[in-house]
Amino acid sequence: MSTTTERKTDIGPPHYEQFLHPIIKANYGKWKYHETLKPGVLVHVAESGDKIFTVRAASPRLISTNFLRKMTGLADKYADGYLRFTSRNNIEFLLANKDNIDPLIKDINAAGTLVGGTNNAISNVIHTQGWVHCHSSATDASGLVKVVMDELAEYFTSMKLPHKLRIAVACCLNMCGAVHASDIAVLGVHRTPPHIDHKNLPNQCEIPTTVASCPNNAIRPTSIEGRATVKVDEEKCMYCGNCFGVCPAMPIADPLNDGVSIWVGGKICNARTEPMFTKLVIPYIPNNPPRWPEVTSAVKNIVELYAKNAKPYERMGEWINRIGWPKFFDLTGIEFTKYHLDDFKHAGTTYRRSLQNRY
Amino acid sequence: MSTTTERKTDIGPPHYEQFLHPIIKANYGKWKYHETLKPGVLVHVAESGDKIFTVRAASPRLISTNFLRKMTGLADKYADGYLRFTSRNNIEFLLANKDNIDPLIKDINAAGTLVGGTNNAISNVIHTQGWVHCHSSATDASGLVKVVMDELAEYFTSMKLPHKLRIAVACCLNMCGAVHASDIAVLGVHRTPPHIDHKNLPNQCEIPTTVASCPNNAIRPTSIEGRATVKVDEEKCMYCGNCFGVCPAMPIADPLNDGVSIWVGGKICNARTEPMFTKLVIPYIPNNPPRWPEVTSAVKNIVELYAKNAKPYERMGEWINRIGWPKFFDLTGIEFTKYHLDDFKHAGTTYRRSLQNRY
Amino acid sequence: MSDELKTPLLDELEKGAWPSFVTDLKSMAGKSNMVKDLLRQLEKSYRDKRGYWKHGGLVGVMGYGGGVIGRYSALPDEFPGVSHFHTLRINQTSGWFYTSKALNELMDIWDEHGSGLLNMHGSTGDLVFLGTVSDELEPTFRAVTEKGWDLGGSGSDLRTPSCCVGPARCENACFDTMALTYNITHKYQDELHRPMFNYKYKIKMSGCPNDCTAAIARSDMGVIGIWKDDIRVNQAEFANYVDSGFNVQEFVVEKCPTKCISVEGKEIKIDNSNCVKCMHCINTMPKALAVGKDRGVAITLGAKAPIVEGALFGSVMVPFMKMEPPFEEFHDLLGRIWEFWDEYGKNRERIGEFIVRIGLATFIEGIGLDPIPQMVKQPRDNPYIFFEEYYKEEEEK
Amino acid sequence: MSDELKTPLLDELEKGAWPSFVTDLKSMAGKSNMVKDLLRQLEKSYRDKRGYWKHGGLVGVMGYGGGVIGRYSALPDEFPGVSHFHTLRINQTSGWFYTSKALNELMDIWDEHGSGLLNMHGSTGDLVFLGTVSDELEPTFRAVTEKGWDLGGSGSDLRTPSCCVGPARCENACFDTMALTYNITHKYQDELHRPMFNYKYKIKMSGCPNDCTAAIARSDMGVIGIWKDDIRVNQAEFANYVDSGFNVQEFVVEKCPTKCISVEGKEIKIDNSNCVKCMHCINTMPKALAVGKDRGVAITLGAKAPIVEGALFGSVMVPFMKMEPPFEEFHDLLGRIWEFWDEYGKNRERIGEFIVRIGLATFIEGIGLDPIPQMVKQPRDNPYIFFEEYYKEEEEK
Ligand code: SRM
Ligand code: SRM
Ligand code: SRM
Ligand code: SRM
Ligand code: SF4
Ligand code: SF4
Ligand code: SF4
Ligand code: SF4
Ligand code: SF4
Ligand code: SF4
Ligand code: SF4
Ligand code: SF4
């Protein structure tokens with residue numbers, strides 16, 4: 001199918017208008033309100049009175065053309081051939097006809113996936129490449145998403161949580177996604193310093209860039225047998241892997257010690273409270289593929305406590321702020337350790353500099 | 001009066017018990033509640049039913065034995081000889097007899113001072129030495145307190161503010177007092193780098209200590225005509241005067257440029273909100289002794305706006321947080337400048353990292 | 001290697017309610033050797049608890065510096081199907097809208113030229129073609145451009161801009177996210193395809209402060225819809241919420257961050273002068289309340305993940321800007337930002353780190369904005385002020 | 001200099017409602033040349049807009065390293081009365097309680113040996129004798145010790161501890177501030193008088209979280225009263241507040257930081273498990289509410305003014321400790337803190353700066369405390385963890 005026509009460059013993506021459902025085109029910018037008809041099903045009502053129905057289906061994000069063809073098939077069948085993806089990688093079918101909703105849902109389920117993710121649900125998991133594609137990963141991403149969501153699927157297909165709950169998974173500290181601002185995050189971590197391949201380093205890496213890449217100034221230029229290379233001050237290294245990002249001769253993967261950490265309480269939207277960063281709760285769980293049972297049960301425990309104790313419209317972080325961190329650690333039974341005490345740049349601002357405290 | 005007896009050392013202060021009014025001694029640790037009878041007058045009621053009355057009088061803090069003898073005279077006359085000072089330098093007479101209150105107040109006024117400072121009042125001003133005693137000062141302290149409180153005396157003798165209002169004055173960035181956590185603070189500032197007396201520096205100063213004293217690494221060791229001294233990178237100096245504190249050969253006073261800055265919104269107690277630092281509102285007002293009219297009118301303007309707009313139980317900082325800083329600058333008519341934008345160590349944490357904003 | 005595909009560990013991931021990528025990938029393994037070897041290598045990763053990819057190399061399509069991530073197996077002899085396994089980032093449409101037809105065309109191309117695996121979508125927003133050999137990069141590129149598509153960003157360039165559904169299907173949209181994204185993407189094709197910046201520069205558009213694209217957390221520049229005037233109120237619909245038993249007091253009034261809502265009987269009153277546009281009341285009662293009419297955007301700069309200096313949320317540079325085609329004021333500002341960052345930023349220094357390093361006052365001076373209190377949570381609390389103006393004497397004493 | 005005292009500028013400070021230090025000082029000028037020249041030099045400062053004091057020198061009393069601040073005029077020829085003008089810091093009593101008799105005795109001493117000017121009190125809490133010549137330091141010292149008084153701290157030593165009125169006249173006192181202050185002051189006379197620390201170390205005692213000594217803002221170590229059990233409630237008195245028209249809803253319930261108060265009819269309910277002991281409800285309704293019975297202190301470390309690293313509030317090290325004479329647990333902890341700071345702190349590094357530099361985890365390990373969530377606002381939000389435990393392989397690959 002390769003063509004012989006003139007080579008095109010810098011054309012950019014096609015104009016979106018051609019992909020908009022006629023109802024959307026007609027009511028563009030003139031929507032009045034929306035309602036959630038049931039989990040995964042929204043209706044948006046325009047000022048004109050027109051309605052567009054949305055059916056939201058989960059996707060593993062790492063998919064094949066097989067899977068996608070199934071979805072476009074369903075779009076053709078029920079949605080006049082119109083579909084979109086959400087910012088959290090769900091698939092949305094855009095329907096003119098309300099009567100198509102239930103048959104579509106049936107077919108979606110038959111195709112092996114679920115409908116849901118709206119309102120007070122756990123939506124799809126923002127995640128990254130992991131062992132499937134990235135050289136930098138301390139864990140797998142797609143597998144973790146699968147096992148975590150297997151455990152929590154009922155919260156995707158229902159809307160019974162106090163509020164939205166957003167989960168993210170990333171396979172290394174680069175956090176290619178939403179780890180730093182999610183209700184719950186699972187983050188791959190290394191726990192040992194990089195190994196230095198002094199033979200290749202001088203050819204493969206630029207020394208000043210490598211030195212500058214370290215957040216903690218642990219890398220110093222040095223020379224071995226007359227060749228410029230670097231050394232790592234192991235007292236200062238906190239295993240972030242950024243040096244490996246710029247210098248392939250500093251691999252950091254360590255099967256014995258790589259694993260995952262768990263974080264909670266981040267948030268992005270500005271509703272009620274300002275955006276919040278995610279905070280550490282479990283510093284380390286060993287990689288235990290294929291189903292990481294310690295990870296899934298830790299996450300499930302947190303979700304269930306949130307489900308039970310938070311009040312309506314409280315996001316994870318808002319709930320924890322209401323009850324206080326000491327209580328959160330109590331309730332979850334998670335151990336509070338020295339690793340929870342910040343020691344990075346603004347650590348001093350995290351100390352409790354007030355008498356307001358819980359006992 | 002010098003004695004010939006053995007020299008005593010390390011005896012510490014006398015035991016406080018001998019200075020406690022008998023009613024206090026009898027009810028020590030057994031107080032039940034208190035009431036404010038009128039501005040400057042409290043009654044504390046013990047579980048036993050006993051009462052002790054407190055009359056609070058202003059003091060300029062910088063006083064003479066003349067003044068103090070007048071006060072002890074009044075204590076003898078009305079308070080069985082018992083008096084104390086508060087953590088804000090007011091004088092408290094401790095009375096067993098309610099009937100003594102009004103005559104005492106009359107005599108206090110006759111002695112040239114005022115009764116008040118309780119509850120929703122402006123209490124005495126925490127302040128420092130200034131030109132009266134300190135080598136480091138960029139302004140005077142006692143004079144500033146006098147002119148500011150002349151302007152605000154009615155708020156000392158009444159309790160008509162929304163809540164307590166605490167003012168502090170300090171004559172240099174060392175802030176020997178409460179500037180960093182006051183409702184309103186007046187702070188002496190320098191605005192030019194220190195002069196270096198290269199002749200005396202080598203003898204008078206320890207170079208490593210001098211270099212280390214600079215918060216901004218503006219000082220470097222150097223040598224001039226073979227003698228070790230220091231130089232100041234004027235681009236980096238922000239005139240804090242800390243180098244002068246450790247090195248007399250680096251005087252920083254500059255009559256042409258020294259002056260005062262005004263700060264608001266700090267708070268110490270834990271009631272309702274956590275302690276808060278005071279924030280910059282007016283970066284610079286020239287020294288204009290003896291009555292610093294620009295300073296007094298700026299402070300008065302802020303106090304009056306607070307009095308008018310804050311709700312009951314709102315401290316200055318709590319009020320500003322409720323209405324937002326943009327509104328505060330609007331209301332006061334104070335110009336917002338680049339100097340208000342933090343550029344010190346944790347500056348990044350002060351940026352508005354949220355969409356929640358006022359227009 | 002035997003041709004048989006044995007993946008006992010991965011097979012465990014075929015169980016459970018969530019759609020299984022393993023099942024899906026296995027359905028492709030017959031068609032594609034790449035997929036088969038990918039599964040094999042992944043199985044080994046699951047056994048050994050480590051990845052088997054080499055550090056990416058420099059591969060791409062002619063004339064472009066970005067849009068392709070090179071990837072090579074560390075065990076090419078064992079898994080020849082993935083000895084090369086590069087990804088192409090295909091620039092998605094505004095709001096991720098597609099037709100079946102368009103997607104099917106792309107699938108045809110990818111089945112022909114690559115592994116047939118995809119990410120719908122990458123975290124930055126691209127439609128990611130996951131895995132092909134170096135020789136297929138250029139043919140894939142030709143095929144997709146032929147159908148009207150192009151590559152997205154990677155490396156130190158403008159990254160693929162993305163946006164929320166906005167006016168296409170949301171009543172909250174305060175500006176045309178879709179149009180602006182299209183406009184930016186096309187105007188800066190050069191910046192997008194040819195890395196020339198200090199580091200990556202991501203732009204995300206969200207139609208309102210709900211920020212459904214996470215612009216304030218994940219984009220160097222967030223363009224987020226906002227309004228300046230009053231929240232529009234439909235009192236009749238509000239009364240319906242009250243009548244329906246919805247606990248307005250607990251769920252709305254008390255949760256308003258500035259407590260600027262009050263309810264009298266069945267009437268809602270909002271002190272709009274103190275509303276911080278958080279969206280909560282509008283979110284909870286979409287039939288009764290709506291964003292105002294005087295709409296535009298706030299512009300934030302500097303969000304990023306933690307490496308190197310710690311994670312940052314974006315910080316407000318412009319609290320309000322009108323945003324109508326041709327978006328001149330915006331492009332003007334963006335130009336000044338890029339110019340200043342280009343001149344004074346360091347290599348691999350994201351704009352958020354750059355601003356913190358040089359200070360907000362210096363930064364806004366550099367890009368020609370005036371200081372306003374909306375840019376900060378609060379004025380400085382330390383007295384370390386660099387006074388620039390002072391009086392000079394004729395002579396030093 | 002003529003003997004006449006002309007202070008036209010200072011005279012402006014005799015006007016106005018607030019008590020005038022100028023009037024007071026002028027009343028002394030006849031008796032004391034020191035005061036006269038002080039006023040003259042101050043007048044010159046007011047005219048020239050600058051101080052005329054030299055950098056302090058090392059003066060003191062025999063065997064003490066602290067308690068005296070040396071001060072010399074920069075213009076000793078012009079103002080000989082203040083050519084020396086040193087201050088002595090006299091250690092005040094617990095809670096600043098005095099009798100007229102005791103103060104009069106001190107006044108007699110000071111009129112004889114010094115300027116007759118004082119600060120009642122210095123910002124750290126001392127009774128400050130303001131201004132005398134070097135030769136009078138030792139005689140003054142002898143005279144005050146004769147009457148049972150001693151010097152306070154200055155320099156790199158334990159500074160004079162101070163405390164709020166506490167149990168002497170306050171219903172909120174959760175521990176005996178007066179007794180602890182007396183105990184500390186006497187136990188550490190050596191640390192107070194002979195500077196041997198890295199830098200100053202201030203201790204302030206407040207009987208409850210109202211913190212009437214500003215311990216959390218102005219002391220390296222704050223000892224602040226707190227309780228662990230329930231707030232004591234007198235429902236009858238509460239009903240009186242309600243009946244009196246006091247707006248409990250607006251002024252108390254809504255202002256509780258954790259919203260743990262509710263009112264049913266005329267009855268108040270407090271969810272004590274979520275109360276953060278802020279004191280607000282107790283402050284507003286002292287007849288109805290009182291601090292609990294299970295009392296002790298919280299200990300904070302590290303408050304200070306901005307030089308060098310920026311101002312700090314104290315941070316909680318021990319959220320709750322029982323505090324009964326002889327205060328052994330407290331002294332034990334203080335000993336460990338001083339030892340660790342002494343060993344690893346730098347010259348002129350306050351303890352608050354020290355903790356930030358080495359990190360809280362290292363610090364508490366050094367002083368033998370376990371990490372607990374009460375020590376921080378929140379756990380870390382960055383992933384830069386120094387893992388200390390990890391698995392080791394027999395052999396490196
Ligand atoms: C489709 C999508 C935008 C898109 O262009 O793709 C979208 C669509 C809507 N969002 Fe969103 N949001 C979408 C991602 C987000 C994100 C981003 C994210 O999760 O990474 C956020 C920020 C999350 C955070 O704070 O961490 C987000 C925060 C919100 C909020 C604020 C929630 C809150 O904390 O109060 C609302 C308001 C609400 O739900 O009441 C909202 C509301 C809505 C509404 C109701 C807006 C409307 O009137 O149409 C839409 C349906 C919501 C629903 O799922 O129930 N949307 N929304 C995204 C769907 C993702 C998904 O598949 O689940
Ligand atoms: C006498 C004194 C303690 C001492 O040992 O000297 C004292 C005594 C009392 N304080 Fe205080 N406070 C004293 C300094 C402070 C300070 C320290 C300071 O101002 O530097 C604070 C912290 C101020 C701050 O937050 O910036 C302080 C914050 C409070 C508060 C909390 C105020 C608030 O913001 O809600 C209360 C409670 C109240 O007023 O409702 C309080 C309450 C009280 C009570 C009512 C306690 C009681 O039941 O006896 C006492 C009478 C208060 C009054 O003046 O109306 N006291 N109080 C101090 C008098 C200073 C003065 O002369 O004005
Ligand atoms: C593919 C993708 C993850 C995914 O599975 O979706 C991805 C994958 C990689 N990211 Fe990323 N990043 C991806 C979105 C992100 C995001 C999220 C976003 O854009 O919203 C972030 C966090 C936000 C941010 O930009 O800070 C992100 C922060 C990083 C970082 C962090 C350092 C930094 O401050 O920029 C690195 C490290 C680097 O640049 O060297 C990085 C680097 C990488 C590299 C290129 C690895 C490297 O060091 O060279 C990864 C290639 C993986 C591979 O083999 O395919 N990636 N990366 C995402 C891009 C797909 C797309 O174009 O749509
Ligand atoms: C007398 C007093 C001010 C007053 O008018 O009351 C005072 C006066 C001086 N202070 Fe102070 N400080 C005084 C309480 C404070 C306080 C308040 C407090 O203790 O509650 C502070 C802020 C809290 C703190 O400790 O951080 C304070 C923070 C400083 C600093 C700041 C640097 C630091 O971090 O410690 C310095 C500079 C230094 O140590 O070199 C300083 C230095 C000085 C020196 C010794 C000047 C110097 O650089 O050598 C001043 C001598 C003035 C003089 O000529 O009499 N003074 N100083 C206070 C002590 C009287 C007393 O013993 O009762
Ligand atoms: S998070 Fe790390 S390992 Fe995962 S895709 Fe991004 S760079 Fe690769
Ligand atoms: S892993 Fe991170 S901390 Fe360790 S040397 Fe590399 S860049 Fe530095
Ligand atoms: S604030 Fe500065 S000038 Fe004033 S007394 Fe303290 S050190 Fe001296
Ligand atoms: S005045 Fe402050 S900033 Fe300037 S050189 Fe001295 S110590 Fe450094
Ligand atoms: S960001 Fe606002 S406008 Fe965009 S989809 Fe979300 S709610 Fe709608
Ligand atoms: S948008 Fe937010 S701040 Fe504004 S009125 Fe509604 S809830 Fe309050
Ligand atoms: S700190 Fe507490 S105990 Fe001490 S005087 Fe103030 S209110 Fe009373
Ligand atoms: S002390 Fe403070 S936190 Fe506790 S119940 Fe009273 S107001 Fe609430």
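Here the structure is a predicted model, which is why all the values come from computation and not from measurement. Proteins come first, then strands; the chains are lettered A, B, ... in the order of their sequence lines, and each starts at number 1.
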- Short side-chain donor-acceptor distance under 3.5 Å, B/Tyr313 and D/Asn283: no
- Query: So, the side chain of B/His133 versus the backbone of D/Phe85: is there a donor-acceptor pair under 3.5 Å, distance only?
  - Reply: yes
- Only one of B/Gln129, B/His127, B/Arg61, B/Met175 clears side-chain contact (heavy atoms from CB on, under 4.5 Å) with D/Ser123; which? B/Arg61
- Note on the structure: Whatever's closer than 4.5 Å to a heavy atom in chain D on B/Glu35 counts as side chain
- Message: Under 4.5 Å from any heavy atom of chain D, what part of B/Phe344 do you find: side chain, backbone, both or neither?
- Response: side chain
- Going through the distances and angles, do B/Phe277 and D/Phe313 end up as a ring pair (Phe, Tyr, Trp, His ring centres under 6.0 Å)? CA-CA 8 Å; B/Phe277 287 124; D/Phe313 284 119; 4.2 Å; yes
- Given the rule in the side chain to side chain contact (heavy atoms under 4.5 Å, CB included) test, do D/Trp149 and B/Ile11 qualify, once you have shown the distances and angles that lead to the verdict? CA-CA 7 Å; D/Trp149 301 83; B/Ile11 59 171; 5.9 Å; no
- Task: Please check if the side chain of D/His280 supplies one atom and the backbone of B/Arg272 the other of a donor-acceptor pair under 3.5 Å.
- Result: no
- When the 4.5 angstrom heavy-atom criterion is applied to B/Gln18 and chain D, the contacting part is backbone
- Item | Region of B/Ile63 that comes under 4.5 Å of a non-hydrogen atom in chain D | both
- Query: Taking atom types as modelled and ignoring hydrogens, do the side chains of D/Arg348 and B/Thr209 form a donor-acceptor contact shorter than 3.5 angstrom?
  - Reply: no
- Message: Counting only non-hydrogen atoms closer than 4.5 Å, does B/Met276 touch chain D with its backbone (N, CA, C, O), its side chain (CB onward), both, or neither?
- Response: backbone
- Query: Quick one: are the ring centres of B/Phe244 and D/Trp53 less than 6.0 Å apart?
  - Reply: no
- Message: When you measure from the side chain of B/Ser87 to the backbone of D/Cys212, do you find a donor-acceptor pair of N or O atoms at a distance under 3.5 Å?
- Response: yes
- Task: Please flag which part of D/Tyr64 lies under 4.5 Å from any non-hydrogen atom of chain B: side chain, backbone, both or neither.
- Result: side chain
- Who wins among D/Lys54, D/Arg47, D/Glu12, D/His186 for the most heavy-atom pairs under 4.5 Å with chain B? D/His186
- Winner by heavy-atom pair count (cut-off under 4.5 Å) against chain B, out of D/Asp176, D/Asp211, D/Asp48, D/Val22: D/Asp176
- Message: Just verifying a value: how many Å separate D/Thr93 OG1 and B/Phe85 CZ, rounded to the nearest 0.5 Å?
- Response: 10.0 Å
- Task: For the residue pair D/Leu10 and B/Pro290, establish whether any side-chain heavy-atom pair is separated by less than 4.5 Å.
- Result: no
- Go through the structure and list residues passing disulfide (SG to SG under 2.5 Å) with B/Cys243, not counting sequence neighbours. none
- Query: With only heavy atoms counted, which part of B/Lys345 is less than 4.5 Å from chain D, the side chain, the backbone, both or neither?
  - Reply: side chain
- Residue pair D/Asp111 / B/Arg69, side-chain heavy-atom distance below 4.5 Å: yes
- Find out whether D/Asn104 and B/Leu68 are in side-chain contact, i.e. whether some heavy atom of one side chain is under 4.5 Å from a heavy atom of the other. no
- Item | Check: B/Glu17 and D/Met178 side chains under 4.5 Å, non-hydrogen atoms | no
- To the nearest 0.5 Å, how far apart are CZ in D/Phe251 and CD in B/Glu314? 10.0 Å
- For D/Ser206, is it the side chain, the backbone, both, or neither that has a heavy atom closer than 4.5 Å to a heavy atom of chain B? neither
- Main-chain N/O of B/Pro13 paired with D/Asn91 side-chain donor or acceptor, under 3.5 Å: no
- Item | Check: B/Arg7 and D/Glu138 side chains under 4.5 Å, non-hydrogen atoms | yes
- Task: Give the intermediate values and the outcome of side chain to side chain contact (heavy atoms under 4.5 Å, CB included) for residues B/Thr9 and D/His193.
- Result: CA-CA 9 Å; B/Thr9 65; D/His193 293 140; over 6 Å; no
- Query: Taking atom types as modelled, is there a side-chain donor on D/Lys31 or B/Asn66 under 3.5 Å from an acceptor on the other?
  - Reply: yes
- If only atom types and distance count, is the side chain of D/Asn210 paired as donor or acceptor with the main-chain N or O of B/Cys269 below 3.5 Å? no
- Check whether D/Ala214 gets within reach of chain B through its side chain, its backbone, both or neither, counting any heavy atom under 4.5 Å. both
- Note on the structure: Turns out that what part of D/Lys255 lies under 4.5 Å from chain B's heavy atoms comes down to both
- Student check: side-chain heavy atoms of D/Val165 and B/Thr86 closer than 4.5 Å: no
- Message: Walk me through whether D/Lys277 and B/Asn270 qualify under side chain to side chain contact (heavy atoms under 4.5 Å, CB included).
- Response: CA-CA 8 Å; D/Lys277 288 31 174 175; B/Asn270 295 276; over 6 Å; no
- Task: Determine whether D/Met120 and B/Pro60 make a side-chain contact, defined as any pair of heavy atoms from C-beta on separated by less than 4.5 Å.
- Result: no
- For B/Asn89 and D/His121, does a side-chain donor sit closer than 3.5 Å to a side-chain acceptor? no
- Tell me, with the steps shown, if D/Leu312 and B/His180 meet side chain to side chain contact (heavy atoms under 4.5 Å, CB included). CA-CA 9 Å; D/Leu312 294 174; B/His180 63 303; over 6 Å; no
- Under 3.5 Å: donor-acceptor pair, side chain of D/Trp18, backbone of B/Val147: no
- So, does B/Arg84 use its side chain to make a donor-acceptor pair with the main chain of D/Thr99 at under 3.5 Å? no
- Query: Looking at D/Ser94, D/Gly51, D/Cys170, D/Pro19, which makes the most heavy-atom pairs under 4.5 Å with chain B?
  - Reply: D/Pro19
- Side chain, backbone, both or neither: which part of B/Thr139 has an atom under 4.5 Å from a heavy atom of chain D? neither
- Item | Region of B/Leu94 that comes under 4.5 Å of a non-hydrogen atom in chain D | side chain
- Does D/Ser45 use its side chain to pair, donor to acceptor, with the backbone of B/Trp131 at less than 3.5 Å? no
- Side chain / backbone / both / neither for B/Lys77 at chain D, heavy atoms under 4.5 Å: neither
- Query: Given that the side chain runs from C-beta out, which part of B/Glu92 has a heavy atom under 4.5 Å from chain D: side chain, backbone, both or neither?
  - Reply: side chain
- Check: B/Ser64 main-chain N/O paired with D/Asp24 side-chain donor or acceptor under 3.5 Å: yes
- Backbone N or O of B/Thr65 within a donor-acceptor pair of the D/Trp110 side chain at under 3.5 Å? no
- Hey, are the side chains of B/Cys134 and D/Arg71 touching, using non-hydrogen atoms and a 4.5 Å cut-off? yes
- At what distance, to the nearest 0.5 angstrom, does CD of B/Glu274 lie from CD1 of D/Ile216? 8.5 Å
